[in-house]
There are 2 protein chains.
Amino acid sequence: MSVHVSERSVRRLSLYRRFLLHAQASGSCYLFSHDIATATRTSAAQVRRDLMAISSSGTASRGYHVADLLKSISHFLDAPAPQHVALIGLGNLGRAVFAYFVGRHPNLRITLTFDIDPAKTCRLINGCPCHNIHELNDLCPTHGIRMAILTVPATEAQTVTDMLVRGGIRGIVNFAPVTLYVPVGVFVETMDFSISLETAAFFSRA
Amino acid sequence: MSVHVSERSVRRLSLYRRFLLHAQASGSCYLFSHDIATATRTSAAQVRRDLMAISSSGTASRGYHVADLLKSISHFLDAPAPQHVALIGLGNLGRAVFAYFVGRHPNLRITLTFDIDPAKTCRLINGCPCHNIHELNDLCPTHGIRMAILTVPATEAQTVTDMLVRGGIRGIVNFAPVTLYVPVGVFVETMDFSISLETAAFFSRA
DNA sequence: CCCTTGCTGTGAATGATTTCACGGTGTGAA
DNA sequence: TTCACACCGTGAAATCATTCACAGCAAGGG
């Protein structure tokens, strides 16, 4: 288990899991690697390798047992207990992300939100209390939060990131169109619309 | 110019450009490859390679001329004329994306939006007409639209994608948490919250 | 029971991407 | 003018990721 699994494999495993959940819901009990592959736009060999990496195994001429596989992947990907997540910035995007999030990730819970606007703080948003951003340093450690979603304006992103890092956050999903500076050991996942848009624009031309 | 440039290089070039615009705005005239590298979290050698790929060049002991570099990158990345973009789905996320988009990409313009909800269609949203989704097939070709942003529910994503492909779209930025099937030649950029979130959650644990 | 089929698991090969390392060059100082 | 320096451009090496290809095996048919 302690073997190194690459970031890309982790991403694909997450994809496989999503597909497997759908497949299970529609009654599949066994699946071949190429079924998973076509559903997630990859190759059968890739699927087998990824599954090998988390030492789950299938049987020849029957394939992988969906329920077992889900258990393996979840055991690998998920923390033993649900992880708590902070959401920073409750503008349009922050609220849309929150709404999207709800009910979709049983193992991840947005338990705290922060904003700098006094009109938003001290109220419940989606049933979750919104605090002033300056309480971040205190609240994150006491709530055992190690992960944050950042939906603040680009100009504030680095400042808030520094606060998050000081508050003990080790993983950040950043929606602001800036490159964040973080110390080693802090993982940043950038959801960069601008870059994605421009990339798609580029490749949409023959 | 017709040399092959990898997808990753294109992404980085887009990042470089964003940084260069900031740098130019704050008065930089020349920059070294390692300046660009630290600002975009990559290596100096990587920057030089990427810039080499689009055959822009710097001078020793002065570095790259920011204005020239911007011109080269934009010449490489951008279409000769602004590209028109369709936005499909005007729920929370769609509107947030639209709001985010406005004024940020001079070379990309959202000129048409679509939804299936009659309450939304036939009205202006952000000064842009919203049409019923069934007009998609007619309107995209007549407006010369080759690129779309997809912010519809996951259940509808594939159906709408098929319509888009039939309407001649060649690039899709997909926000729905599903894997889309498209014919070869159509580029799909997936902005997948779920996967990013789970990946960050995974790596936020030691 | 034996043969055929089509799958998994995996070493080896290939391909893609990044980094190394160094020649060549322009700049500023002595 | 000459020297030292630091940078760019780039072949070569190293690293990382994916695909190939095949041994071994389980299941079903005759």
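All chains are named by letter (A, B, ...) in the order of the sequence lines, taking the proteins before the strands, and each is independently numbered beginning at 1. Atom set for the values below is all heavy atoms of this structure, side chains included, hydrogens, waters and symmetry mates excluded. All values reported here derive from a predicted model rather than from experimental measurement.
Counting only residues at least two apart or in different chains, salt bridge (Lys or Arg N to Asp or Glu O under 4.0 Å) contacts with residues 151-165 of chain A are absent. Among residue pairs with one or both ends in residues 169-191 of chain B, those qualifying as salt bridge (Lys or Arg N to Asp or Glu O under 4.0 Å) are Arg11(B)-Glu189(B); sequence neighbours excluded.
Partners of Tyr100(A) by side chain to side chain donor-acceptor pair (under 3.5 Å), not counting sequence neighbours, listed by chain and number: Ser194(B). Applying the salt bridge (Lys or Arg N to Asp or Glu O under 4.0 Å) criterion to Arg17(B), with sequence neighbours excluded, gives Glu198(A), Asp78(B). Partners of Asp68(A) according to the salt bridge (Lys or Arg N to Asp or Glu O under 4.0 Å) rule, which considers only residues two or more places apart in sequence or in another chain, do not exist here. With sequence neighbours left out, His134(A) forms a ring pair (Phe, Tyr, Trp, His ring centres under 6.0 Å) with no residue at all. Judged as a salt bridge (Lys or Arg N to Asp or Glu O under 4.0 Å), and not counting sequence neighbours, Arg95(A) has no contacts.
With a 4.5 Å cut-off on side-chain heavy atoms, His143(A) and Leu112(A) count as touching.
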Side-chain donor-acceptor distances from residues 80-92 of chain B under 3.5 Å, at least two apart:
{"unit_1": "Gln83(B)", "atom_1": "OE1", "unit_2": "Arg205(A)", "atom_2": "NH1", "d": "3.3"}
{"unit_1": "Gln83(B)", "atom_1": "NE2", "unit_2": "Ala201(A)", "atom_2": "O", "d": "3.4"}
{"unit_1": "Gln83(B)", "atom_1": "NE2", "unit_2": "Ser204(A)", "atom_2": "OG", "d": "3.3"}
{"unit_1": "His84(B)", "atom_1": "ND1", "unit_2": "Thr111(B)", "atom_2": "OG1", "d": "3.4"}

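Aromatic pair Phe193(A)/Phe175(B): ring centres closer than 6.0 Å. Taking the six-membered ring where the residue is Trp, the centroids of Phe76(B) and Phe202(A) are separated by under 6.0 Å.
Distance CG (Leu31(B)) to P (dC7(D)): 13 Å, rounded to an integer number of Å. A straight line from CZ of Phe32(B) to P of dC7(D) spans 6 Å, rounded to a whole angstrom. Regarding Ile54(B), its CD1 atom lies at a distance of 14 Å from the C1' atom of dG9(D), rounded to whole Å. Between the CE atom of Met52(B) and the P atom of dG9(D) there is a distance of 9 Å, given to the nearest Å. Atom-to-atom, CG of Asp50(B) to C1' of dG9(D) comes out at 13 Å; the value is rounded to the nearest Å. For the pair Glu7(B) CD and dT18(D) P, the computed distance is 13 Å after rounding to whole Å.
Contacts between chain B and DNA chain C, taken as any atom within less than 4.0 angstrom of a protein heavy atom, begin and end at dT17(C) to dT27(C).
DNA chain C is contacted by His34(A) of residues 34-43 of chain A, taking any non-hydrogen atom closer than 4.0 Å.
In this structure a side-chain-to-backbone donor-acceptor pair under 3.5 Å is missing from Asn132(A) to Glu135(A). Of the possible donor and acceptor atoms, one in the side chain of Arg18(B) sits under 3.5 Å from a partner among the backbone N and O of Pro177(A).
Residue-level contact check: Ser9(B) touches neither bases nor backbone, having no heavy atom under 4.0 Å from any strand.
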List every contact pair, protein side and nucleotides 12-15 of chain D side both N or O, where the distance is under 3.5 Å.
{"unit_1": "dA12(D)", "atom_1": "N6", "unit_2": "Arg49(B)", "atom_2": "NH2", "d": "3.0"}

Just the atom pairs and distances: protein N or O near nucleotides 22-30 of chain D's N or O, under 3.5 Å.
none

